[in-house]
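Order of the sequence lines sets the chain letters (A, B, ...), proteins ahead of strands, with each chain counted from 1.
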Number of protein chains: 2
Amino acid sequence: MPADSRARWEWVYDDLKRRIDQHELAPGDQVPGELQLAEQHKVSRQTVRTALQRLQHEGLINEGKGRLGRTVREWRPLVYRPQSEFRRKPPTVDIYTQLLQDEGRDGTQTIEVGVVLPDEAVRQRLQLSQGEPVGYRRRTSYVDGVPFATDDSYVPLRIVEGSEWMVPGSVERGTNQVLAELGYELVESLDEIYPRLPQAAELERLALPPGTPMAELISTGHDREGRPVQVTICLLPGDRHVIVYERNRRAEETEPETKEAAAE
Amino acid sequence: MPADSRARWEWVYDDLKRRIDQHELAPGDQVPGELQLAEQHKVSRQTVRTALQRLQHEGLINEGKGRLGRTVREWRPLVYRPQSEFRRKPPTVDIYTQLLQDEGRDGTQTIEVGVVLPDEAVRQRLQLSQGEPVGYRRRTSYVDGVPFATDDSYVPLRIVEGSEWMVPGSVERGTNQVLAELGYELVESLDEIYPRLPQAAELERLALPPGTPMAELISTGHDREGRPVQVTICLLPGDRHVIVYERNRRAEETEPETKEAAAE
DNA sequence: GTGCATTTGTCCGTATGTATG
DNA sequence: ACATACATACGGACAAATGCA
């Protein structure tokens with residue numbers, strides 16, 4: 001009817017967006033109900049819903065079921081530092097991220113181990129021939145009872161078969177130490193970060209609302225001879241994580257420049 | 001009526017997802033029309049639309065206007081290596097031109113410079129007092145005519161005022177070299193990566209369809225004394241980029257001991 | 001635990017506007 | 001100008017999840 005410039009649902013969208021930005025609707029607050037918004041803006045409930053879905057897909061509000069309705073999303077990321085795996089010293093440049101550092105939250109994890117035929121992504125990174133099996137450790141981490149991240153590690157079975165790497169539950173001295181004792185100490189890693197949206201199965205595993213962006217971090221660890229030993233695939237929901245790297249000129253200058261093309 | 005476990009639109013979703021995964025629908029192909037899918041699955045067009053919107057928000061298909069309809073999205077990411085900034089190989093080229101040369105694609109860019117009061121994110125990372133202005137260089141990079149990424153750099157105005165850093169257009173020897181000549185050589189950097197969804201203004205600047213996930217990469221560069229000099233904020237759409245880091249034990253072990261932070 | 005009220009999720013049918021070839 | 005296909009919008013209906021009495 002209006003033949004106007006902008007769509008009706010955008011009015012609703014803009015109204016709610018503004019109220020959220022100005023903290024008139026604070027994180028954790030309930031979003032007004034669909035019927036209420038429909039009446040306020042003189043539009044149908046379906047129109048309100050498209051506006052709400054946009055906000056949901058931008059990560060500003062949660063989907064709401066049952067009595068409680070939708071809520072404004074909270075954003076409290078944990079800091080994830082891939083480099084801490086190799087680090088022996090406290091980070092040097094930490095002024096800002098210290099603020100975001102873990103505030104002593106309650107963390108638990110589940111670990112599942114087994115043997116599978118790797119998919120193409122893992123197989124290529126480990127440079128395995130078709131049909132060679134890998135051992136896996138699939139971990140899901142929980143903070144305050146909600147899943148926070150998953151990380152699945154894969155190592156050729158011939159390396160870890162019968163070792164402590166394949167034992168369920170946490171390994172006190174760390175699985176990387178186990179690999180080192182087996183003669184495959186990890187000394188360098190290539191990390192690939194893919195920002196994307198989760199797929200249905202991942203939504204379920206991480207108990208994410210649809211539309212939550214995340215990062216897939218594929219880390220390929222190499223031993224001293226440069227052979228790939230372990231692939232770890234982390235799924236890090238964007239509303240729960242910030243990934244932090246440090247880099248410095250000196251480290252780059254002293255780095256060997258030989259394996260540049262190995263990524264492809 | 002359905003009395004079934006899963007929603008009807010999920011059937012449509014699963015069907016299309018499978019056909020895309022198995023390349024029965026190849027990248028660039030047209031997705032079957034909404035009416036056609038509705039008839040095939042014996043559902044209404046609205047139900048088909050919710051399935052298609054999910055696929056769209058997951059980045060698997062494009063939104064389609066006009067005669068052509070929806071198409072299966074192509075996925076050809078560029079490799080973005082923040083660490084190449086500190087590499088010595090090509091001394092003059094900046095991150096993006098090197099990246100584009102590597103891939104052999106046609107790249108252009110627009111650069112805009114100016115002076116602003118920084119927002120909180122930039123101000124805190126540069127440790128500036130309230131009201132201190134910064135110079136900025138805002139770049140939008142295009143590949144094959146479409147925007148590919150943006151990166152906005154900020155440096156305290158007192159450092160770059162009157163220097164070549166504030167000159168529009170590319171600087172032949174690189175802006176980091178200019179900073180070095182001004183006595184602020186960047187030797188280390190803290191990179192924070194936030195997976196998130198773009199906001200309205202960013203959608204416009206990057207010409208993105210809504211729901212495209214992306215990464216915000218905030219890189220804070222420090223000089224030899226550990227003082228923050230430059231903040232660069234990159235927006236990297238997830239369907240066009242993969243971010244790559246390399247790390248190794250040796251670099252972490254040989255790191256300089258600048259300050260003794262309260263060890264964890 | 002039951003049942004009720006509320007709110008969102010799903011689904012339908014229909015209609016009109018708009019972008020594209 | 002026209003056909004096609006998507007975008008927007010309405011109204012109605014029932015199911016499912018949740019909080020609370």
Side-chain angles (χ1 to χ4, degrees), chain A residues 1-16 25 28-57 60-73 145-146 200 203-204 207-212, chain B residues 1-16 25 28-57 60-73 200 203 207-211:
Chain A
M1 177 70 94
D4 208 335
S5 50
R6 291 153 55 77
R8 312 259 292 218
W9 65 262
E10 290 193 75
W11 289 50
V12 185
Y13 171 92
D14 287 341
D15 175 48
L16 289 168
L25 288 170
D29 280 2
Q30 283 187 35
V31 178
E34 295 177 355
L35 289 173
Q36 186 183 334
L37 287 168
E39 175 152 20
Q40 274 178 24
H41 293 87
K42 310 282 189 227
V43 295
S44 73
R45 188 186 152 217
Q46 285 302 328
T47 305
V48 168
R49 276 183 65 78
T50 65
L52 289 169
Q53 297 234 337
R54 287 299 176 109
L55 290 166
Q56 182 187 322
H57 284 303
L60 292 173
I61 62 176
N62 295 308
E63 68 181 339
K65 285 178 180 173
R67 179 65 180 255
L68 213 149
R70 296 176 185 273
T71 50
V72 179
R73 190 174 271 192
V146 295
L203 283 179
E204 194 174 353
L208 289 177
T212 306
Chain B
M1 182 76 79
D4 208 335
S5 50
R6 292 154 53 78
R8 310 262 293 236
W9 66 261
E10 289 192 77
W11 288 49
V12 185
Y13 171 93
D14 288 341
D15 173 50
L16 289 168
L25 287 170
D29 280 2
Q30 282 187 38
V31 178
E34 295 178 354
L35 290 172
Q36 186 183 334
L37 288 168
E39 175 152 19
Q40 273 178 24
H41 293 86
K42 310 284 190 224
V43 295
S44 76
R45 192 182 147 221
Q46 285 302 328
T47 305
V48 168
R49 275 182 65 75
T50 63
L52 290 170
Q53 298 230 339
R54 287 298 175 108
L55 291 167
Q56 181 188 324
H57 285 303
L60 291 173
I61 62 176
N62 295 307
E63 67 183 337
K65 286 177 181 174
R67 177 64 182 259
L68 213 148
R70 296 174 186 276
T71 52
V72 179
R73 198 174 229 178
L203 284 179
L208 290 176

Nucleotide paired to D:dT18 in any strand shown, Watson-Crick or G-U, under 3.5 Å: C:dA5
Spacing of A:Gln46 atom CD relative to C:dT8 atom P, expressed in whole Å: 12 Å
Side chain proximity check, A:Asn62 to A:Arg73, heavy atoms < 4.5 angstrom: yes
Length of the line joining A:Arg8:CZ and C:dT16:P, which is rounded to integer Å: 16 Å
Euclidean distance, atom NZ of residue A:Lys42 to atom P of D:dC10 [Å, nearest integer]: 13 Å
Shorter than 3.5 Å, N or O on both sides, protein versus nucleotides 3-7 of chain D: list them out with atom names.
residue	atom	partner	partner atom	Å
D:dC6	OP2	B:Glu34	N	3.0
D:dC6	O3'	B:Gly64	O	2.5
D:dA7	OP2	B:Arg49	NH1	2.8
D:dA7	OP2	B:Arg70	NH2	2.9
D:dA7	N7	B:Arg45	NH2	3.0
D:dA7	N6	B:Arg45	NH1	3.3

Heavy-atom pair with the smallest gap, counting every atom of B:His41 and B:Val12: CG-CG2, 3.9 Å
Nearest-angstrom distance from the residue atom CD of B:Glu10 to C1' of C:dC11: 14 Å
Value in whole Å for how far the C1' atom of C:dT7 lies from CG of A:Leu37: 12 Å
Passing candidate, side-chain contact (heavy atoms from CB on, under 4.5 Å) with A:Ile61, options A:Leu16, A:Asp29, A:Val31: A:Val31
Inter-residue atom distance B:Arg70.CZ - B:Leu55.CG, 0.5 Å rounding: 8.5 Å
Whole-Å distance separating the OH atom of A:Tyr13 from the P atom of D:dT8: 13 Å
B:Gln40, CD: over 12 other non-hydrogen atoms inside 6.0 angstrom: yes
Spacing of A:Leu52 atom CG and A:Glu63 atom CD [to the nearest 0.5 Å]: 12.0 Å
